[in-house]
Amino acid sequence: MKSAVENLEPTRVKLTVEVSYDELKPSLDHAYSHIGEQVNVPGFRKGKVPPRILDQRVGRGAVIEHAVNDSLSGFYSQAVAETEIKPLGQPSINVTEIPAVTGKPGGQLVFEAEVDVRPEITLPALDTLEVTVEDVEVAEDDVEERLTALRERFGSLVGVERPIQDGDFVVIDLSAKVGDEEVDSVSGISYQIGAGNMLDGLDEALTGASADETKTFTATLAGGEHAGEEADVTVTATAVKERDLPAADDDFAQLASEFDTIDELREDLRTQVANDKAANRAVQARDLLLAKLREATDFPVPAGVVDAEIKRHLEAEGKAEDDPHGEEVREEVTDLLREQLLLDTLAEQLEVGVTQNELLEFLVRNAQQYGMEPNQFIQAAAQTGQIGAFTGEIARNKALAVALRQVTVKDGAGNAVDLSEYIGSDELDAAGPEGAAEAGEAESAESPESPESPESPESADSPESPESAPSADEAGEPAEAAAPKKAPAKKAAAKKPAKKAAEEAAAEEQPETEAPAKKAAAKKAPAKKATAKAKADDAE
């Protein structure tokens, strides 16, 4: 087989592939066998009809077409591997020559494949980069905020007879109309003023109102058949409650934690805050490194991939291809795709891989986030083609963590900052799973209960994009070569960043119903268990 690459644009190529008759023959033999099992020819058993008889009965052209359709994907993938191009998404295939349809068998298969490719990206030497992170300083306000949050978990709700204030809990009846049509209504649902996880304008409408007072306002619906449309919303608070917090004393310390005094609990909370801020420095270092990599690289982004992603985004919102919203999100789609391509190149340069355990841990964590059984979530993710998206996202995050090991990280005073606790080390990687497990056991022995902390750069999801714009990872598949389909087939499931891909996988099992309320941002499970023991559920 011969393959030749022609650069059409900096991010698009034409691949010309020539396949000899001998190379195509196994596919032709299979086609004769398959077709022979489908036709009845007097004097021959099914599957035993000679090729020359099939040529007379169904035509050699039909056999060649069958063979080409079956083998085209494989030949394309082989050509991609031989030429070492990095395709993005599905190619456009044009068959320009096929073997002889009449006369003596022979000839060749020739086809052209046009496809967007990953641009050449030159990364700076990581050991020349330096980032400066914030110092770890714990203020009294930080400790009080943590203590107040713990007290809220043990608080109780009591009814009040006064106008609604920020932070109050209300029971509301709500209905939404688009024109004269009522598109949704709910009754008796609980909501905390200031939470912001329902309709825009709800907090403003309820603040200052009294129980059983009805308010109206206009809001844009976030989901359902009328998503994006303006609706007239009517809301009534049937009950108003405030949270009554327990006193911060020794009794509370004994109730809410393993400590006997409030001073001991405060000191433990201080340690938690310090550890959290130290972990946040790792996330900050990751973001600063990504910003430096963006500044140091300049490369074209495939316009075709951006256009395809915008089209998919508009289709998902039920909008026409020429809807103005497409241009509104173009810049963000382009920036997110640029970031994805950059991180894919970094992962490739650092030879970052994803283990089965890492993927399984990621899937289990997301299943918990969406309140699904792990097996159910994994099956939904596999059916929607999102496993590859998850794997790619894990690899990108790991690449940033591995890259941080080669970058100089300092604090505000110019002191070197050790982030190995959060980003791992080359020595630990070299030790393999067993060495990592032993290190984890040793750490657990030293610290039986670790404070609650944010996700590390290696496990954290990429920064979340605004609701109005799709993620770059939905735009294509830089990490893999997408093989052509033998029929105009439906587009292969686009890869998405972990969060959006997880939402799509979860949605397969939990269809969304139309409601005026917009979705609340899903909370990520804490990476570590808090020292202060929770002995009661939230009063809500």
Side-chain angles (χ1 to χ4, degrees), residues 124-152 248 257 259 262-296 339 342-343 346 350 396-429 439-440 442-444 446-464 523-532:
L126 295 173
D127 56 7
T128 65
L129 301 180
E130 180 179 314
V131 297
T132 302
V133 296
E134 298 173 353
D135 296 330
V136 175
E137 297 178 354
V138 180
E140 284 303 316
D141 288 345
D142 297 326
V143 178
E144 288 303 315
E145 182 180 349
R146 188 68 62 97
L147 179 58
T148 299
L150 185 59
R151 291 168 62 200
E152 287 178 349
S257 74
F259 303 106
I262 190 65
D263 290 338
E264 290 176 321
L265 175 57
R266 286 181 187 273
E267 190 59 33
D268 183 71
L269 294 176
R270 184 184 302 278
T271 301
Q272 287 189 36
V273 173
N275 289 337
D276 285 356
K277 289 195 172 187
N280 283 337
R281 292 204 299 183
V283 178
Q284 183 187 13
R286 176 200 66 182
D287 294 341
L288 290 172
L289 171 58
L290 181 57
K292 283 188 174 291
L293 292 175
R294 287 197 201 101
E295 293 172 2
E339 180 178 303
L342 174 63
L343 293 179
L346 181 65
L350 297 175
R396 295 181 193 108
N397 284 315
K398 281 187 66 177
L400 274 175
V402 173
L404 271 178
R405 302 173 191 171
Q406 302 180 33
V407 174
T408 301
V409 183
K410 295 183 177 181
D411 60 17
N415 301 312
V417 176
D418 182 8
L419 299 176
S420 58
E421 179 182 352
Y422 310 102
I423 63 177
S425 65
D426 294 338
E427 292 77 10
L428 194 59
D429 287 351
E443 182 180 345
S444 298
E446 294 175 6
S447 176
E449 294 190 32
S450 301
E452 187 172 316
S453 65
E455 294 183 80
S456 70
E458 190 166 343
S459 63
D461 291 338
S462 293
E464 195 174 317
K523 294 182 180 178
K524 295 179 181 176
K528 298 182 181 178
K529 179 181 177 183
T531 303

Checklist entry - Got a donor-acceptor contact below 3.5 angstrom from the R294 side chain to the E339 backbone? => result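 Pair absent, no side-chain N/O of R294 close to backbone of E339.
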Item to check | Minimum-distance pair of heavy atoms, taken over all atoms of L419 and A285 | outcome: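 So the minimum-distance heavy-atom pair works out to CD1-CB, 3.8 Å.
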Checklist entry - Could you walk me through whether T408 and D127 pass the side-chain contact (heavy atoms from CB on, under 4.5 Å) check? => result CA-CA 7 Å; T408 301; D127 56 7; over 6 Å; no
Checklist entry - For E144, what residues pass the salt bridge (Lys or Arg N to Asp or Glu O under 4.0 Å) criterion, not counting sequence neighbours? => result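 With neighbours one apart ignored, the set is R266.
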With sequence neighbours excluded, residues passing side chain to side chain donor-acceptor pair (under 3.5 Å) with [X]:
| X | value |
| --- | --- |
| R281 | none |
| E140 | R270 |
| Q406 | none |

Next on the checklist: Using side-chain contact (heavy atoms from CB on, under 4.5 Å), reason through V409 and L288 one step at a time and then give a plain yes or no.
Outcome noted: CA-CA 10 Å; V409 183; L288 290 172; over 6 Å; no
Next on the checklist: Working note: E264 + D268, criterion side-chain contact (heavy atoms from CB on, under 4.5 Å); need CA distance, chi angles, decisive distance, verdict.
Outcome noted: CA-CA 6 Å; E264 290 176 321; D268 183 71; over 6 Å; no
Hey, can you pull the donor-acceptor pairs under 3.5 Å for the side chains in residues 128-139, sequence neighbours left out?
{"residue": "T128", "atom": "OG1", "partner": "A125", "partner atom": "O", "Å": "2.6"}
{"residue": "D135", "atom": "OD1", "partner": "G412", "partner atom": "N", "Å": "3.0"}

Checklist entry - Looking at residues at least two apart in the chain, or sitting in another chain, which of them share a side chain to side chain contact (heavy atoms under 4.5 Å, CB included) with A416? => result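 Applying side chain to side chain contact (heavy atoms under 4.5 Å, CB included) to A416 gives none.
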Item to check | Set of residues satisfying side chain to side chain contact (heavy atoms under 4.5 Å, CB included) with respect to D141, sequence neighbours excluded | outcome: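 Result, side chain to side chain contact (heavy atoms under 4.5 Å, CB included) vs D141: none returned.
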Item to check | Pairwise side-chain contact, L400 with I423, heavy-atom cut-off 4.5 Å (strictly under) | outcome: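 No, too far: nothing below the 4.5 Å cut-off.
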Next on the checklist: What I want to check is whether the side chains of D276 and Q272 have a donor and an acceptor closer together than 3.5 Å.
Outcome noted: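 Checked: D276/Q272 side chains show no N/O donor-acceptor pair below 3.5 Å.
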